[in-house]
Student: 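Pasting a structure below so you can have a look.
No experiment lies behind these values; they were computed from the predicted model shown.
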Amino acid sequence: KIMNKATHFISILFHPLFMPLYATWLLLHSGGYLSYAVHPKLQQFLYIVVFISTYLLPAAITWIMWQKGWITNMEMEERKERHLPYLLTLSCYIAGIYLLFSLPIPRMFALTIMGASLAILTSFLINLRWKISIHMIGIGGMMGLFYGFGRYFHLESIHVLMLIAAIAGVVAFARLHSSTHTTTQVYAGFITGFVVEFGFVFFITNYLIGG
């Protein structure tokens with residue numbers, strides 16, 4: 001029972017909807033120029049925008065759908081139940097991206113949410129045919145994002161990558177222990193998240209910014 005509670009807590013703590021908020025915090029506390037590029041008061045507003053658009057609104061929508069009986073539980077363990085929540089969540093993320101681009105802050109914060117949005121869209125498309133671990137897509141996406149930022153934006157990310165790798169192992173164990181996903185779904189989720197978000201950073205730096 002203790003292990004079950006622990007794995008459930010881990011799944012909640014590292015829920016995919018929290019990943020953009022965690023990524024924002026890591027960007028602001030990575031020790032690089034981003035730590036000083038955003039005024040403290042503007043940082044508070046940044047957190048509010050990210051929290052509302054990437055967690056609060058999507059979570060509220062999911063809760064309403066659960067209350068209405070449109071989904072069986074908040075975890076959405078049934079693959080077909082995930083379609084509409086994914087699309088509505090994506091809409092909230094897009095609104096957040098628009099607000100972040102309008103703020104006088106480095107574009108990396110908006111790019112972070114753009115990468116997460118692309119991961120959600122990929123999850124939606126895969127989920128049409130096959131159930132994949134969105135928890136691992138989220139953590140794998142963070143790994144790909146910070147690896148890309150470190151390589152192309154010269155962000156000091158080695159310690160962040162080590163932290164994310166450790167968290168990924170813990171989350172993978174939790175998802176497997178709870179029998180929510182198979183080993184294939186867990187590994188596929190991590191690899192998909194990494195490839196999508198690193199590919200996103202590679203594309204924008206080589207074909208948009210660099211081109």
Side-chain angles (χ1 to χ4, degrees), residues 3-27 46-67 70-97 109 112-124 126-127 131-146 160 163-182 185-194 196-197:
M3 184 60 70
N4 290 339
K5 290 182 179 179
T7 54
H8 182 66
F9 174 76
I10 291 169
S11 295
I12 293 175
L13 182 62
F14 297 108
H15 191 280
L17 292 180
F18 282 127
M19 293 300 110
L21 192 63
Y22 293 158
T24 300
W25 187 89
L26 287 171
L27 286 174
L46 171 61
Y47 280 128
I48 291 173
V49 171
V50 174
F51 176 73
I52 292 177
S53 62
T54 67
Y55 177 76
L56 187 61
L57 286 178
I61 290 171
T62 303
W63 183 82
I64 291 172
M65 294 182 67
W66 174 51
Q67 291 295 306
W70 297 344
I71 57 177
T72 54
N73 55 54
M74 293 289 286
E75 289 290 324
M76 296 181 291
E77 296 175 357
E78 291 295 325
R79 177 179 61 85
K80 293 182 179 180
E81 292 183 347
R82 298 181 173 188
H83 299 343
L84 183 57
Y86 277 11
L87 292 177
L88 294 174
T89 297
L90 184 60
S91 299
C92 296
Y93 275 51
I94 292 173
I97 293 168
F109 294 100
T112 297
I113 310 304
M114 288 182 69
S117 299
L118 188 58
I120 292 174
L121 179 59
T122 304
S123 302
F124 169 76
I126 294 175
N127 194 72
K131 184 180 178 182
I132 192 170
S133 174
I134 55 174
H135 276 78
M136 295 310 295
I137 284 181
I139 198 69
M142 279 191 65
M143 177 74 81
L145 186 78
F146 277 91
V160 174
L163 174 63
I164 295 173
I167 293 174
V170 172
V171 174
F173 171 79
R175 303 311 287 168
L176 291 172
H177 184 272
S178 64
S179 299
T180 305
H181 293 285
T182 65
Q185 291 168 347
V186 166
Y187 280 113
F190 182 84
I191 294 171
T192 298
F194 181 92
V196 167
E197 297 220 28

Student: What distance separates Ile164 CD1 from Met142 CE, expressed to the nearest 0.5 Å?
Tutor: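 Result: 4.0 Å between the selected atoms.
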
Student: I want to check something: taking the side chain as every heavy atom from C-beta on, are Ile10 and Val171 in contact at a cut-off of under 4.5 Å?
Tutor: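 The answer is yes; the side chains approach within 4.5 Å.
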
Student: Identify the two heavy atoms, one from Leu17 and one from Thr89, that lie closest to each other, and give their separation to 0.1 Å.
Tutor: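 Here Leu17 and Thr89 meet closest at CD2-CG2, 4.0 Å.
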
Student: Are any of the side-chain heavy atoms of Met19 and Phe14 separated by less than 4.5 Å?
Tutor: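 Met19 reaches Phe14 side chain to side chain.
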
Student: For a quick test of reading the model, state the closest non-hydrogen atom pair linking Glu197 to Ala119 and the distance between them.
Tutor: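 Answer, listing the atom of Glu197 first, then Ala119: OE2-CB, 3.9 Å.
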
Student: One pair to check against side chain to side chain contact (heavy atoms under 4.5 Å, CB included): Arg175 and Thr7. What are the steps and the verdict?
Tutor: CA-CA 7 Å; Arg175 303 311 287 168; Thr7 54; over 6 Å; no

Student: For Leu84, what residues pass the side chain to side chain contact (heavy atoms under 4.5 Å, CB included) criterion, not counting sequence neighbours?
Tutor: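 Result, side chain to side chain contact (heavy atoms under 4.5 Å, CB included) vs Leu84: Met65, Leu88.
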
Student: Might you confirm whether atom NE2 of His8 has over 12 heavy atoms from other residues, nucleotides or ligands at distances under 6.0 Å?
Tutor: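 12 or below, so no.
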
Student: Measuring from atom CH2 of Trp70 to atom OG1 of Thr62, what distance do you get when rounded to the nearest 0.5 angstrom?
Tutor: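 If I round to the nearest 0.5 Å, the distance is 12.0 Å.
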
Student: Side chains of Val50 and Tyr55: does their closest heavy-atom pair fall under 4.5 Å?
Tutor: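 Of all side-chain heavy-atom pairs linking Tyr55 with Val50, none is under 4.5 Å.
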
Student: If you compare all heavy atoms of Leu163 against all heavy atoms of Leu26, which two are closest, and at what distance to 0.1 Å?
Tutor: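 Reported closest heavy-atom pair: CD2-CD2, 4.3 Å.
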
Student: Would you call the rings of Phe190 and Phe194 parallel, tilted or perpendicular, taking 30° and 60° as the class edges?
Tutor: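 Correct class here is parallel.
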
Student: Ignoring hydrogens, what is the shortest heavy-atom contact between Tyr22 and Leu13? Give both atom names and the distance.
Tutor: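 Taking Tyr22 first and Leu13 second, the nearest heavy atoms are OH-O, 2.6 Å.
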
Student: Is Tyr47 atom OH crowded by more than 12 heavy atoms from other residues, nucleotides or ligands, each under 6.0 Å away?
Tutor: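 Enclosed.
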
Student: For His181, check side chain to side chain donor-acceptor pair (under 3.5 Å) against everything at least two apart and list the hits.
Tutor: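 By the side chain to side chain donor-acceptor pair (under 3.5 Å) rule, His181 matches Gln185.
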
Student: Which atom names give the shortest non-hydrogen contact between Tyr93 and Pro58, and what distance separates them?
Tutor: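 What the structure gives for the nearest pair is CE1-CG, 4.3 Å.
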
Student: Identify all side-chain donor-acceptor contacts of residues 133-140 below 3.5 Å with residues at least two apart in sequence or on another chain.
Tutor:
residue	atom	partner	partner atom	Å
Ser133	OG	Met136	N	3.2
His135	NE2	Ser11	O	2.8

Student: Working to the nearest 0.5 Å, report the span between CG of Leu118 and CG of Leu145.
Tutor: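 Answer rounded to 0.5 Å: 11.0 Å.
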
Student: Considering non-hydrogen atoms only, spot the tightest contact between Pro20 and Ala116 and give its length.
Tutor: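 Scanning both residues, the minimum pair turns out to be CG-CB, 4.2 Å.
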
Student: Going from CD1 on Ile94 to CE on Met114, what distance comes out if it is rounded to the nearest 0.5 angstrom?
Tutor: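 Nearest 0.5 Å value for the CD1-CE distance: 9.5 Å.
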
Student: Could you tell me the separation between the CG atom of Leu21 and the CD1 atom of Ile48, rounded to the nearest 0.5 Å?
Tutor: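 CD1 of Ile48 is found 11.0 Å from CG of Leu21.
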
Student: Would you give the length of the straight line joining atom OG of Ser178 to atom CZ of Phe173, rounded to the nearest 0.5 angstrom?
Tutor: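 If we round to the nearest 0.5 Å, Ser178:OG and Phe173:CZ are 9.5 Å apart.
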
Student: Any side-chain heavy-atom pair from Phe109 and Leu46 closer than 4.5 angstrom?
Tutor: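 SC-SC contact between Phe109 and Leu46 confirmed.
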
